[in-house]
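Below is one structure, written out as C-alpha cells; the observations come after it.
The model shown is predicted, which means the values in this text are computed figures rather than measured ones. Residue numbers start from 1 in every chain, and the chains themselves are labelled A, B, ... in the order their sequence lines are given, proteins ahead of strands.
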Amino acid sequence: MADAPLLEVNDLSLDYGRGKSLFRALDHVSLEIHRGECLGLVGESGSGKSTLGKAILGLAQSVGGEIVFDGREIQRLPPPMRRRLAKDLQVIFQDPYGSLSPAMTIGRILAEPLRVGGMRYEQAKTAVGEMLERVSLPREWIDRYPSEFSGGQRQRIAIARALIRQPRLIVCDEPVSALDVTTQSTIIDLLIELQRETGVAYLFISHDLAVVRRICHRVAVLFKGQIVEQGGGEKMTTNPDHPYSKRLLMASPVADPTEQARRREAWLQVRTGQA
Amino acid sequence: MSETVALATAEVLPAVQPAEARPQNRSVAFRFLTQPGGWIPLLLVLAILVLAFGAPLWGLQDPMHIDPRVADQAPSADHWLGTDSTGRDLWSRLVWGGQDAFRGAAIVLVVALILGVPTGLIAGYHGGLADGLLGWVSDVLMSLPSIIILLIVAGLTHQNADVLMAAMGVFMAPGYFRLTRSSTIAVRAEPYIDAARVAGISHTRIVFVHIWRVIAAPIVIQTAMTIGVALGMQAGLQILGVGDSQAPSWGGMMSSAMGSLRTNAWLIVPPAAMLGLVIAAFAIMGARLGEITGNRSEKAKHLTRAEKAELAGAAAARAAEATQPNQDLMVAVKGLKVTYATAKARVEVVHGVDLAVRKGEVLGLVGESGSGKSQSIFALLGLLAGNGYAEAEAIWVDGQNVLTLPAAKRRALLGRTIGYVPQEPISNLDPMYTIGHQLVEPMRKVLGMGKAEARAYALELLARVGIEDPARVMGLHPHEVSGGMAQRVLIAGAVAGHPKVIVADEPTTALDVTVQAEVLELLRELQREQGMALVIVTHNFGVVADIADTVTVMKDGLVVESGAVGSIFAHAADPYTRELIEASSKTPSRAALDEGGVGAGAPAKGGV
C-alpha cells in the first residue's frame with residue numbers, strides 16, 4: 001500500500017454547458033500524485049487545468065472517469081463524508097484578494113477549518129499563531145483584516161489556511177501568478193520548505209514553466225482538455241518531446257539576451273499557424 | 001535558508017502600519033457614530049421614539065378630547081402647537097401619532113424582511129428552479145398596483161391598520177428579495193466561498209457566516225430607506241382617508257388639515273414637518289451607512305480646471321527654459337514627478353524620473369507593482385487620471401517640448417506621433433461597437449480618411465498584424481475575440497497613423513506565453529519595418545532580453561538603474577536589478593534542489 005499513489009485520476013471527462021454550447025473541458029485525463037510529491041499541471045488559459053483542480057476539490061462535476069484519493073473514489077461521496085475529506089485535501093487559489101473573506105480577521109479565517117473539526121476559537125488561536133509564524137508572519141497580526149496585507153502576505157495567509165489541518169494534498173491553482181516576480185520566488189521557496197517539513201503533496205497548476213521547474217518533481221502538459229505529455233520536471237522544462245510542449249517552452253522568455261535570441265530562433269522553427 | 005528568511009522579512013515588514021494609520025478598521029458602528037451625518041439623525045430618531053412611546057408620561061392633554069370652545073386656536077402656553085377645528089390639542093396628537101407611525105413602519109419591516117431576505121438567500125445561493133420560481137413571484141408582486149390593492153385590503157378588513165401595514169410589507173418584500181439575491185450571487189462567486197467549501201464548511205455555515213457578513217450592510221441600508229418609504233405610504237393612505245380618523249396619526253392629522261386648508265393652513269405644518277424630518281433622518285442615515293460600508297478607500301479629489309491650469313502654467317514656464325536634447329532622441333523625459341491629490345493630502349508617486357529613447361530603438365521600462373512605471377508612461381502620454389498631475393523639467397517627443405504645447409496640440413500627438421498599446425486588450429475595446437468601427441472611426445477623424453479608404457486601410461492593417469480573414473473580424477464585437485486577437489487589433493490601431501514611437505504598457509501580461517511570443521514578434525517586426533521607437537513597460541526581464549535595446553529599472557517611484565541591455569544583464573550595478581533578473585532566469589530544477597542538497601533559499605542562478 002505504501003507505493004500506491006495518494007491521488008489517482010483515471011479517464012476523467014468533464015463538460016461545460018449543454019446542447020449546442022457543450023464544451024469538453026477535460027477529455028479522458030489520467031494522472032497520479034504520490035505522497036510528498038509536487039506534480040505540475042501546465043497549459044494555457046482554456047486548457048482545462050483549473051477545471052481539473054476544481055473536479056478534484058469537488059467544485060465541478062465530471063461526466064465520466066474516477067478520482068481516487070487514498071484508495072477511495074471521492075466524487076460521489078455523501079456531503080458529510082465529503083466534508084470530512086477537507087482535512088486531507090486543501091486548496092490555494094490564484095487571487096490573493098478574493099480568496100480571503102474581507103469581513104473576517106485573519107485569526108478567524110485561519111481558525112475556521114479547525115472549528116469545523118470541532119475546536120473552539122480560543123483553543124484554535126494557539127495553532128493559528130504557530131501557523132502564522134511558519135509562514136513568516138508575526139503572530140501578533142492575528143486580529144487584522146485581509147485588507148491590511150499586501151498580495152504576497154495574503155498568499156502566505158492562504159497557504160497557512162491550507163496547511164493548518166495538516167492535509168495530505170494541496171491543489172495550488174496558480175498560487176503565484178498574481179504576485180510580483182520577486183515575491184513569487186519567496187512564496188515558491190516557502191512552499192518547497194513546507195513540503196519538505198510536512199510531506200504534503202501538491203498539484204501545482206501554472207502557466208509559468210520557470211516556476212514549475214523550480215517546485216515540481218514531475219510535470220503534465222494539458223492542451224485542449226487532454227494531457228499531451230507527462231515527465232520529470234528537468235526534462236519537461238528543457239527538452240520535452242511533444243510539439244505543443246516544445247512550443248510552450250520556446251515561447252517562455254528567459255532573462256538572458258543571448259540565450260533568449262537562441263530560444264526565439266527555436267520558437268520560430270516550431271511555431272505553426274497557432275495564434 | 002537564511003536568505004529565504006531575509007527575503008521574506010524584507011517583503012513582509014515594510015507593510016506594518018502604525019495603528020493610527022489604519023482608521024478604516026474601526027468598526028462600522030464607531031465610524032457611523034462619530035460622524036455628524038450619523039449621530040445627529042440617529043439621536044433625533046431616538047428622541048422622537050422616546051417622546052412618542054413615552055406619551056402617557058408627559059402629562060399631555062387627551063389627544064382625542066373634542067372641545068369646540070377652543071377650536072382653531074393659535075399656538076399658546078396651553079396648546080403649544082394650537083388646536084384643530086374640533087379643538088383637539090395638536091402637540092398631543094403629534095406626539096401620540098408617532099406611536100401609530102413607528103408601529104406601522106415596524107410591521108412593514110418585519111413582514112418585508114421575513115419574506116424577502118431568506119428567499120433572496122435561497123434564490124441567490126442555490127439558483128436553479130427555486131431562483132426562477134421566487135423571481136417570478138417577486139416580479140408579479142412588483143408589477144401589481146400596490147396602492148389600489150392596499151385600498152382594497154383596507155376596505156375588506158374594515159380598515160384594520162395592522163393588516164394594512166402587513167400587506168404593505170408584502171409589497172416591500174421584493175426590494176429585499178432582489179437586493180439579497182444579487183448580493184448573494186456576487187459573494188457566492190468569490191474564491192473565498194470556494195475555499196470555505198473545500199475547507200469542509202457546511203452550506204448553512206457558509207450562508208450564515210460568510211455570506212451574511214457581506215450582505216448585512218446593504219440590507220441595513222435598504223432598511224433605512226424602507227422605513228422612510230413605509231412612513232410616506234402610510235401617511236399617504238391616511239390622507240386618502242384610510243384608518244380611524246379619531247385616533248391620532250400623522251397622516252390623519254394631515255387629512256383633516258386638508259379639509260381646513262383655506263381657513264387654517266397652519267394645521268398641516270406640524271405633522272408634515274415631523275414626517276419630513278423623520279423620513280429625512282432615515283434617508284441620511286442610510287446614505288451615511290452606504291458611504292461607510294461601500295467605500296473603504298480614501299476619496300479621490302478631482303482637481304479643478306483652475307488648479308490644473310495653474311499647475312500646467314507653472315510647468316510650462318519652467319519647461320520653456322529647458323534646452324533641446326540630443327537630436328537622436330525620440331523621447332526625452334527629465335525630472336518627471338507625478339502627484340495624486342486625495343481628499344486629505346497630495347501624494348507624490350513618481351519622484352523625478354529621467355527616460356530617454358533613441359530614434360528606432362526599444363526601451364524596456366521595468367518595475368514591479370507600485371514602482372511608478374505605468375504612472376510615468378501615463379504622464380508622458382498626458383493621460384493621467386483626473387486627480388493626478390505631472391511636473392517635469394522637460395518632456396520632449398520628436399523634437400517638440402510637449403509641456404509648452406496647448407492641450408489640444410498635445411492630444412493631437414496621440415495617434416500620429418505616439419501610438420499607445422494598453423495592458424488589458426479586451427477592456428480597452430468598447431463592447432458596444434464592432435472591431436471594424438473602432439478601427440475605422442479614429443482613422444477618419446485623426447487621419448482624415450474617407451469611409452471606403454479607411455475601411456480598406458483597416459483591412460490591410462489587420463492582415464499585417466496577422467489576423468486571418470480580416471473582413472470577418474471587422475464585423476465582430478470585442479467579446480467574440482480572444483485576448484491575443486484583441487491585442488493585435490489594438491496594435492493595428494496604434495500603428496495606423498505611422499507614429500514615430502509606440503508606447504506599450506505591459507502589452508503581454510494578460511496573455512498566454514505562446515500568444516505573448518507572437519505579440520512580441522509582431523511588435524519587433526513592426527518596429528523594424530517602420531523604424532519606430534518603442535517603449536515597452538514590463539515586469540519581466542525575459543521580455544526585456546527578448547526585445548529591448550536599453551533598459552530602465554524603476555522602484556518606488558525612482559529610477560534604480562538604466563543602461564544598454566547587454567551591460568545591464570552582464571553586470572547590473574544595483575542589487576534590486578539583479579534580483580529582478582534572477583527572478584526571470586533559469587532556475588535549478590526541483591530534482592537538483594532536492595538531490596544536490598541545495599537549500600530552497602539558495603540563489604536561483606548557477607543552476608543546471
- Task: List the steps and the verdict of salt bridge (Lys or Arg N to Asp or Glu O under 4.0 Å) for B/Lys586 and A/Glu259.
- Result: CA-CA 10 Å; B/Lys586 198 170 180 185; A/Glu259 169 72 22; 5.7 Å; no
- Message: Does any backbone or side-chain atom of A/Gln195 lie under 4.5 Å from a heavy atom of chain B? Answer side chain, backbone, both or neither.
- Response: side chain
- Measure the spacing between CG of B/Asn540 and CG of A/Asp208 and express it to the nearest 0.5 Å. 8.0 Å
- Message: When you compare the side chain of A/Ile192 with that of B/Leu593, does any pair of heavy atoms fall below 4.5 Å?
- Response: yes
- Query: What are the two closest heavy atoms between B/Ala199 and A/Pro113, and how far apart are they?
  - Reply: CB-CG, 4.4 Å
- Query: Looking at side-chain heavy atoms only, is the closest gap between B/Pro588 and A/Arg214 below 4.5 Å?
  - Reply: yes
- Sidechain-backbone polar pair: B/Glu368 side chain, A/Thr182 backbone, donor-acceptor under 3.5 Å: yes
- Message: For A/Val116, which atoms come within 4.5 Å of any heavy atom of chain B: side chain, backbone, both, or neither?
- Response: side chain
- Query: Donor-acceptor pair, B/Arg213 side chain versus A/Met104 backbone, under 3.5 Å?
  - Reply: no
- Item | Among the listed options B/Ala570, B/Pro191, B/Ala591, the residue most often paired with chain A at heavy-atom distances under 4.5 Å | B/Pro191
- Item | chain B contact via A/Arg161 - side chain, backbone, both or neither, heavy atoms under 4.5 Å | side chain
- Pairs flagged by salt bridge (Lys or Arg N to Asp or Glu O under 4.0 Å) wherever residues 540-549 of chain B is involved - sequence neighbours left out: A/Arg264-B/Asp546, B/Arg524-B/Asp546
- Task: Examine whether an atom of A/Arg165 lies under 4.5 Å from a heavy atom of chain B, and if so say whether it belongs to the side chain, the backbone or both; otherwise answer neither.
- Result: side chain
- Item | Which atom of B/Ala517 lies closest to which atom of A/Ala251, heavy atoms considered | CB-CB, 3.9 Å
- Item | Side chain / backbone / both / neither for A/Arg115 at chain B, heavy atoms under 4.5 Å | side chain
- Query: Which atom names give the shortest non-hydrogen contact between A/Pro102 and B/Tyr192, and what distance separates them?
  - Reply: CD-CE2, 3.4 Å
- To the nearest 0.5 Å, tell me how far B/Ile206 CD1 sits from A/Glu112 CD. 8.0 Å
- Counting only heavy atoms closer than 4.5 Å, note whether A/Gln90 contacts chain B via side chain, backbone, both or neither. both
- Distance in Å, B/Arg590 CZ paired with A/Thr237 OG1, rounded so as to fall on 0.5 Å steps: 13.5 Å
- Which atoms of A/Leu268 come close to chain B, meaning under 4.5 Å heavy atom to heavy atom: side chain ones, backbone ones, both, or neither? side chain
- CG of A/Leu59 to CD1 of B/Ile193, rounded to nearest 0.5 Å, is 11.5 Å
- Sorted by chain and number, sequence neighbours left out, ring-ring contact (aromatic ring centres under 6.0 Å, His included) with A/Tyr244 holds for A/Phe223
- Message: What part of A/Ile215 gets within 4.5 angstrom of chain B, counting heavy atoms only: side chain, backbone, both, or neither?
- Response: both
- Query: For the residue pair B/Asp512 and A/Ser45, what are the closest heavy atoms and their distance?
  - Reply: OD2-OG, 2.6 Å
- Which atoms of B/His210 approach chain A - backbone, side chain, both or neither, heavy atom under 4.5 Å: side chain
- Item | Residue selection (most heavy-atom pairs with chain A, distance under 4.5 Å) from B/Asp194, B/Val565, B/Leu580 | B/Asp194
- Task: Please say whether more than 12 non-hydrogen atoms of neighbouring residues, nucleotides or ligands are located less than 6.0 Å from CZ in B/Phe208.
- Result: no
- Item | Audit row: A/Arg196, B/Asp594, side-chain contact (heavy atoms from CB on, under 4.5 Å) steps and yes/no | CA-CA 9 Å; A/Arg196 286 177 180 165; B/Asp594 285 352; 2.9 Å; yes
- Message: Taking CD in B/Glu525 as the centre, count heavy atoms belonging to other residues, nucleotides or ligands within less than 6.0 Å. Is the count above 12?
- Response: yes
- Contact winner vs chain B - A/Pro79, A/Ala210, A/Ala86, heavy-atom pairs under 4.5 Å: A/Ala86
- Answer key: most heavy-atom pairs under 4.5 Å with chain A among B/Ala196, B/Ser482, B/Ser202, B/Ala189 is B/Ser202
- The reported gap from OG in B/Ser584 to CD in A/Gln184 (rounded to nearest 0.5 angstrom) is 8.5 Å
- Counting heavy-atom pairs under 4.5 angstrom with chain B, the leader among A/Cys38, A/Ser101, A/Ala103, A/Pro167 is A/Ser101
- Message: With heavy-atom distances below 4.5 Å as the criterion, would you say the side chains of A/Leu89 and B/Val198 are in contact?
- Response: no
- Task: Go through the atoms of A/Thr258 and report whether side chain, backbone, both or neither lie under 4.5 Å from a heavy atom of chain B.
- Result: neither
- B/Val519 portion near chain A, given a 4.5 angstrom heavy-atom threshold: neither
- Message: Taking side chain as everything from C-beta outward and backbone as N, CA, C, O, which of these in A/Asp256 sits under 4.5 Å from a heavy atom of chain B? Side chain, backbone, both or neither.
- Response: backbone
